[in-house]
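Report on the structure given below.
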Amino acid sequence: MMIKETYAVAANDMSVAGDVSASIKRQMKRLGIPNQIMRRVSVCTYEAEINLVIHSDGGEIDFEISEEEIRVHVRDVGPGIPDLEKAMTEGFSTATSEVRNMGFGAGMGLPNMKRNADGFSIESEVGKGTDIVMTFNI
Ligand SMILES: Nc1ncnc2c1ncn2[C@@H]1O[C@H](COP(=O)(O)OP(=O)(O)O)[C@@H](O)[C@H]1O
Ligand SMILES: [Mg+2]
């Protein structure tokens with residue numbers, strides 16, 4: 001079984017935020033991915049998707065399944081993260097008060113992605129964008 005799908009995530013549009021991770025979850029259900037894995041992939045794709053909406057200028061999420069693993073590749077076109085270590089710290093957030101009032105911006109997204117994925121890598125360049133690869137053993 002080999003599946004690769006690419007989903008676009010638009011910046012700023014909170015009305016559709018969560019739709020991509022919901023589609024990915026549906027897909028995993030259909031394929032019979034074990035619950036324990038599905039839950040962790042869902043947490044990670046949801047957090048990544050929200051970050052694209054509230055922090056980035058838009059991007060894409062690749063969802064890939066092979067025999068050994070699920071791979072989620074998240075990339076955006078900016079603005080990039082100036083201090084990755086800070087961004088990875090629990091509770092650190094640059095979310096606006098508007099976003100916080102909608103219940104986002106607790107600063108737990110990136111730490112939760114790292115915790116829930118079996119493999120996690122993040123690269124970011126200011127002015128260029130952010131690139132995250134998460135893998136989950138099947
Ligand atoms: N795709 C992104 N583009 C730019 N900055 C980001 C992106 N993802 C995360 N960040 C930065 O890292 C911080 C921490 O992210 P996260 O842990 O998800 O917390 P939160 O989204 O609640 O602020 C964000 O507040 C933001 O400054
Ligand atoms: Mg977040």
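Both counts, for ligands and for their atoms, begin at 1 and track the order of listing.
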Applying a strict 4.0 Å limit to heavy atoms, is Phe104 in contact with ligand 1? no
Taking the side chain as every heavy atom from C-beta outward, state whether Val20 and Phe63 have any atom pair closer than 4.5 Å. no
Distance filter under 4.0 Å to Leu110 heavy atoms, resulting ligand 1 atoms: 9 (C), 12 (O), 15 (O), 16 (P), 17 (O), 18 (O)
Within less than 2.8 Å of the Mg ion (ligand 2): protein N, O or S atom count: 1
Does Val133 reach the side chain of Arg71, with side-chain heavy atoms less than 4.5 Å apart? yes
Between Asp131 and His73, a side-chain donor and acceptor under 3.5 Å: yes
Run the numbers for me: atoms of ligand 1, each under 4.0 Å from some heavy atom of Pro111, listed by number. 17 (O)
For atom 23 (O) of ligand 1, the closest protein heavy atom turns out to be Ser93 OG, 2.5 Å
protein heavy-atom neighbour closest to atom 27 (O) of ligand 1 works out as Thr94 OG1, 2.5 Å
Please identify which atoms of ligand 1 are closer than 4.0 Å to at least one heavy atom of Phe92. 14 (C), 19 (O)
Check: of Asn51, Asp76, Thr130, min heavy-atom distance to atom 1 (N) of ligand 1 comes from Asp76
Any idea which heavy atoms bring Ile61 and Thr45 closest together, and the distance? CD1-O, 4.4 Å
Identify the protein heavy atom lying closest to atom 19 (O) of ligand 1, giving its residue, its atom name and the separation to 0.1 Å. Gly107 CA, 3.1 Å
Side chain to side chain contact (heavy atoms under 4.5 Å, CB included) between Asp57 and Asp76, worked out: CA-CA 7 Å; Asp57 301 327; Asp76 64 52; over 6 Å; no
Contact partition for Ala87 relative to ligand 1, non-hydrogen atoms under 4.0 Å: both
Kindly confirm or rule out an N or O of Gly78 lying under 3.5 angstrom from an N or O of ligand 1. no
Before accepting this row, confirm whether a basic side-chain N of the pair Arg75/Glu123 lies closer than 4.0 Å to the acidic partner's carboxylate O. no
Is any side-chain heavy atom of Ile3 closer than 4.5 Å to a side-chain heavy atom of Gln27? yes
Measuring from Met14:CE to Ile54:CD1, what's the distance to the nearest 0.5 Å? 6.5 Å
Glu5 atom CD, neighbour heavy-atom count above 12 within 6.0 Å: yes
Measuring only between side-chain heavy atoms, which start at C-beta, is Asn101 closer than 4.5 Å to Glu98? no
From atom 10 (N) of ligand 1, work out which of Val9, Ile122, Thr96, Ile81 has a heavy atom at the shortest distance. Ile81
Taking atom 21 (O) of ligand 1 as the reference point, the nearest protein heavy atom with its distance: His55 NE2, 2.7 Å
Can you find a side-chain donor-acceptor pair between Glu60 and Thr6 that sits under 3.5 Å? no
Quick one: closest heavy-atom pair of Leu110 and Ala87, and the distance? CD1-O, 3.6 Å
Show me which atoms of ligand 1 lie under 4.0 Å from any heavy atom of Ala106. 22 (O)
